[in-house]
Amino acid sequence: MAATGNEEQTLLPDIEEEAEGMEREMESEEEEEEGMGVEHSEEEDEENTSEDERENEAEIQRLEEQLSINAFDYNCHVDLIKLLRQEGKLHRLRKARQKMSELFPLTEEIWLDWLKDEIRLTEDESEREKVYELFERAVNDYVCPEIWLEYVQYSIGGMGAQGGIERVRSIFERALTAVGVHVTKGASIWEAYREFEIVILSTVQPPPGSVPSQEQQELLNAQLDRIHTLFRRQLAVPLMDMEGTYAEYSDWADDGVPETVTHQYRRALKQMEKCKPYEEALLVSETPKLAEYQAYIDFEMKEGDPARVQIIFERALAENCLVPDLWIKYNTYLDHQLKIKDVVLSAHERAVRNCPWTMSLWKSYLLALERHGTDHQTVTDVFEKALNAGFIQATDYVEIWQSYLDYLRRRVDFSKEWSRELDELRAAFARSLDYLKQDVEERFSESGDLSCTIMQIWAKIEALHCKNMQKARELWDSIMTKGNAKYANMWLEYYNLERSYGDTLHCRKALHRAVQCTSDYPEHVCDILLNFERVEGSLEDWDAAVQKTGTKLNRVNEQRARVAIKEANQARQEEEKAEQRRKAKADKKGQKKSQKANRTGDKRKAEDDGEEEWGEEAELPSKRLRGEEDFGSTATEELMETESGLFGRRAPPPRKTEPPGFRKNQQRASEAQREPQDVSKEQRKDENSVFVSNLGFNLEDPEGKLRTLFKGCGTVEQVRLVYTPKGVFRGYCYVQFEDRLAVPEALKLDRQEVDGRPMYVSPCVDKNKNPDFKVFKYNTSMEKHKIFISGLPYTCTKETLEDLFKEHGTIKAIRLVTNRSGKPKGLAYVEYENEAQASQAVLKMDGTMLENFTLSVAISNPPRRNMEEKAAPSRILGATMQRQPQGARGKGRTQISLLPRSLYRQSAPDAKAENGTVSVPHATVTDGVHGGPGTTSLDTQTKSLSNEDFARMLLKK
């Protein structure tokens, strides 16, 4: 916490005078040494002014200039202090530390260095008071056991002064309150306090052999009671090495440890055992340890000890001071549970100094100041600091203004006709509107208050509390002129205000204007006007309202009709374009078939037969969401481009043995084709159907199996299987139900295994009418609460992953990635409750081993599907050749590479930093032609080649 303005003003001049005095003393000592005959040659002086010192001085000046430009450069402050301390420039060092402490909370290391430097320079008692003030500022920035320990040790040095012992005891008690329950470091404060009291005991004990007086005996007993009390208090607190403290007390107490103390010690020991797992987790984890601290905080809040909750919050904030959510949680606890003014306001002030960009921290700070009765000037000063904090969005300024205006409104006594507080409230409302219009709009290009919430509140206050409807109407006129007149809800807000605090005339006027201007819900506004006239109006008013609303609704209906016609025309144009594309595609297919028919000889026949058979087997079934083009029409089948049409002629592969059930399915399909299967479009109901894919091509009796599978979802009306022209089942079909309610049940069967393959079930949607429809159900953007794991063994299961990753947080879901046949790919996604748990899992598990496999763990960042689809070429089985320009006979212009292989290079595109991708250097193809087999070599740098290089490669054999 920064010191108050008065403290800084009194402390800084004293420190500067002290530094100047020290420098004068050092100069006088140098003069005395010169007067005593110490000879210094010019060569020795040049050696003293070393090159390092000159470089450091130049760096110091650079840092000071940089801070004069940007005073909020934290790292620059730290570097400057470090250099000044290294060079021993006390005066400038003190000023640098003072400036930094005014802007930022200083770290434990900076405070300890500052305090130790000042302690070394302290000589008399008056200077000790300045160090005490510095200690008070230090302990208010963060709750730090080391600073408190340094504080009490320094205070012991002044115990000889009047009231010094009581002052030391007071500081010790404050230290115990602040950090005495710190599990790992609190024991050091207890031990120091106890040792101090034992030293005091030795001073009040009478000499050996003498009889103490009654007064001496009373002092001796009181001191013994203090030491006993310290032992008992410490043993009641769960701390590390409690057993040693208990053993020490047993040796020290003449009458042994009382039973009540033993009982408290055992209870604290049990509590310590509960805390040990959390302390061990903090011990082994790496900074910032946020997840471990959050778990520890939740445990202590459940236990309910306010002192222990406070200390674990302070420990967490010392290492995570820039985490706004942690400050919000701490302040909320203090506001509703502890409710101690000094503690609450100190925490709020430290929160906004560490995270000034977080509006909610300033908002809760203003509420806390009002809750604890802070004076008005202090609240206003804090609000002004909030306006200069640099929020990251315009709405933050609207909310902070609303909080301040709420505070000002609660100060006003509206029973009086006039008060200074009321004038201040109205001035603040006016200033807020100007601030949002000028400062906020200039920075964000918007005011952040599109619905004019602040003006609405002002109008309600004027109408309700001040009975000033004229001012309220002026405010609502301004609201409507800011682009809100087209919204029905804004007019209804104004109407309700007039209805509550105005008169009938202005209510009717507001509704007539609403009917005229509203564009989002005109029917609703018209109904309200008619209902109003039914209750309040005369016959003339009713007739005027009916005419007004009728004219408005007729105009609205005409506009809607024009929009509908325009949309219908656009849809028709899109359908015509799609039909033209289909016709062009069919014409292209017809041309390719006619070219094949013109070929003569056995070579043509062999090539045609081989290519047709090969192309049919290699073609992947494309997922088409309407089934009418797959039955009984060869013309429709011609609309699909075959691999031969896309990629030119290829040699047919060797004949494969037919899989089991192939002949049977082929016969059944041939029979099915011979049967009349023309199902009219009227009989096909897409809304009652699902699309089933990824089925095996050799599936026996697919229709029967699918009817059995989907029987539990509802009555199956028809199963439309899709076959190739040769009668081979394509592996996908359409299942139509009698009832639309069966579709959601059918979709639940997605990914169910059928003959060892996962069956994909998705809605049946016509993509011609819904081109943007996507059935991919997983996210394609970064998911900070989910991790992506690669390098898994193929035998890994969900249970194995859960056992492996559950210790880093609560797991919500696990997904193992499989291929179309259901076999694992060695990839998985694990979803946690929050991103902190996911980050912890990445830090702990990345690079670990599982069954001799090295795991790679990262935050989930799936590749974008649209970019992937555009960048990746169409991949059809057997299509290893790149698409080439067509020649006169449907083939490539040439199949001979005219470029020497030594010169041919092919650059691989840069890999994306997405799930499952790595950066690969550009590959250089040194053998093979386009798309052909070849060997690749890494070429990290592309060098320009000279004529000699080209000649050397051309002559290379």
Side-chain angles (χ1 to χ4, degrees), residues 278 281-282 284-299 313 316-317 319-332 351 354-361 390-393 395-396 774 776-792 796 798 800-818 825-848 850 854-868 910-919:
Y278 299 98
L282 290 174
V284 301
S285 61
E286 299 177 359
T287 305
K289 311 176 184 179
L290 184 59
E292 289 79 7
Y293 274 121
Q294 286 178 339
Y296 205 167
I297 288 169
D298 294 339
F299 164 74
F313 265 118
L317 289 167
E319 297 189 50
N320 299 274
C321 60
L322 300 181
V323 180
D325 291 342
L326 194 57
W327 282 108
I328 292 171
K329 190 174 182 180
Y330 183 33
N331 291 337
T332 302
N354 280 283
C355 306
W357 63 86
T358 308
M359 183 277 305
S360 56
L361 290 175
F391 299 139
I392 58 178
Q393 52 188 6
T395 53
D396 289 343
K774 301 290 183 184
F776 189 71
K777 62 181 180 180
Y778 301 114
N779 203 346
T780 58
S781 59
M782 179 173 283
E783 303 164 289
K784 295 185 178 180
H785 64 289
K786 188 182 293 185
I787 61 174
F788 172 71
I789 310 162
S790 60
L792 290 168
C796 183
K798 286 186 178 181
T800 305
L801 282 178
E802 184 174 7
D803 294 339
L804 196 60
F805 285 88
K806 67 182 179 182
E807 62 184 29
H808 304 294
T810 304
I811 295 177
K812 294 179 65 177
I814 296 176
R815 177 166 69 93
L816 288 172
V817 183
T818 60
K825 290 186 175 182
L827 310 174
Y829 291 88
V830 177
E831 181 180 357
Y832 285 96
E833 279 191 341
N834 53 55
E835 60 183 84
Q837 295 177 356
S839 300
Q840 185 67 18
V842 171
L843 290 174
K844 294 296 182 183
M845 298 303 297
D846 187 33
T848 57
L850 177 62
T854 303
L855 303 186
S856 176
V857 185
I859 295 297
S860 175
N861 185 20
R864 296 185 180 180
R865 293 178 63 81
N866 56 349
M867 293 176 62
E868 198 173 344
D910 294 338
K912 297 180 182 178
E914 296 171 335
N915 289 351
T917 63
V918 293
S919 297

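- Interatomic distance, SG of C355 versus CG of L322, reported as 5.5 Å (0.5 Å rounding).
- With rounding to the nearest 0.5 angstrom, the CZ atom of F788 is 10.5 Å from the CG atom of N861.
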Identify each donor-acceptor pair in which a side-chain atom of residues 838-848 lies under 3.5 Å from a protein atom, sequence neighbours left out, and give them as a table.
| unit_1 | atom_1 | unit_2 | atom_2 | d |
| --- | --- | --- | --- | --- |
| S839 | OG | E835 | O | 2.9 |
| Q840 | NE2 | E292 | OE2 | 2.8 |
| D846 | OD1 | V857 | N | 3.0 |
| T848 | OG1 | M845 | O | 2.7 |

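- Under the side chain to side chain contact (heavy atoms under 4.5 Å, CB included) criterion, T332 pairs with I328, H336, not counting sequence neighbours.
- Residues forming a side chain to side chain contact (heavy atoms under 4.5 Å, CB included) with C321 (at least two apart in sequence, or on another chain): Y142, N354.
- Shortest non-hydrogen contact noted between P324 and L361 is O-CD2, 4.4 Å.
- Partners of F313 according to the ring pair (Phe, Tyr, Trp, His ring centres under 6.0 Å) rule, which considers only residues two or more places apart in sequence or in another chain, are Y330.
- For the side chain to side chain donor-acceptor pair (under 3.5 Å) test, residues two or more places apart in sequence or in another chain that qualify with H785 are E831.
- Partners of K806 according to the salt bridge (charged side-chain N to carboxylate O under 4.0 Å, His left out) rule, which considers only residues two or more places apart in sequence or in another chain, are D803.
- Here Y296 pairs with Y278 under the ring pair (Phe, Tyr, Trp, His ring centres under 6.0 Å) rule; sequence neighbours left out.
- A heavy-atom distance below 4.5 Å is not found between the side chains of T358 and W327.
- Put simply, the side chain of L855 reaches to within 4.5 Å of the side chain of L792, judged on heavy atoms.
- Legend: residues meeting side chain to side chain contact (heavy atoms under 4.5 Å, CB included) with E802, ordered by chain and number and at least two apart, are I811, I814.
- For the side chain to side chain donor-acceptor pair (under 3.5 Å) test, residues two or more places apart in sequence or in another chain that qualify with E319 are Y293.
- Residues passing the side chain to side chain donor-acceptor pair (under 3.5 Å) test with E833, sequence neighbours excluded: none.
- In this structure Q294 satisfies the side chain to side chain contact (heavy atoms under 4.5 Å, CB included) test together with L290, A836, sequence neighbours excluded.
- Here D298 pairs with K329 under the salt bridge (charged side-chain N to carboxylate O under 4.0 Å, His left out) rule; sequence neighbours left out.
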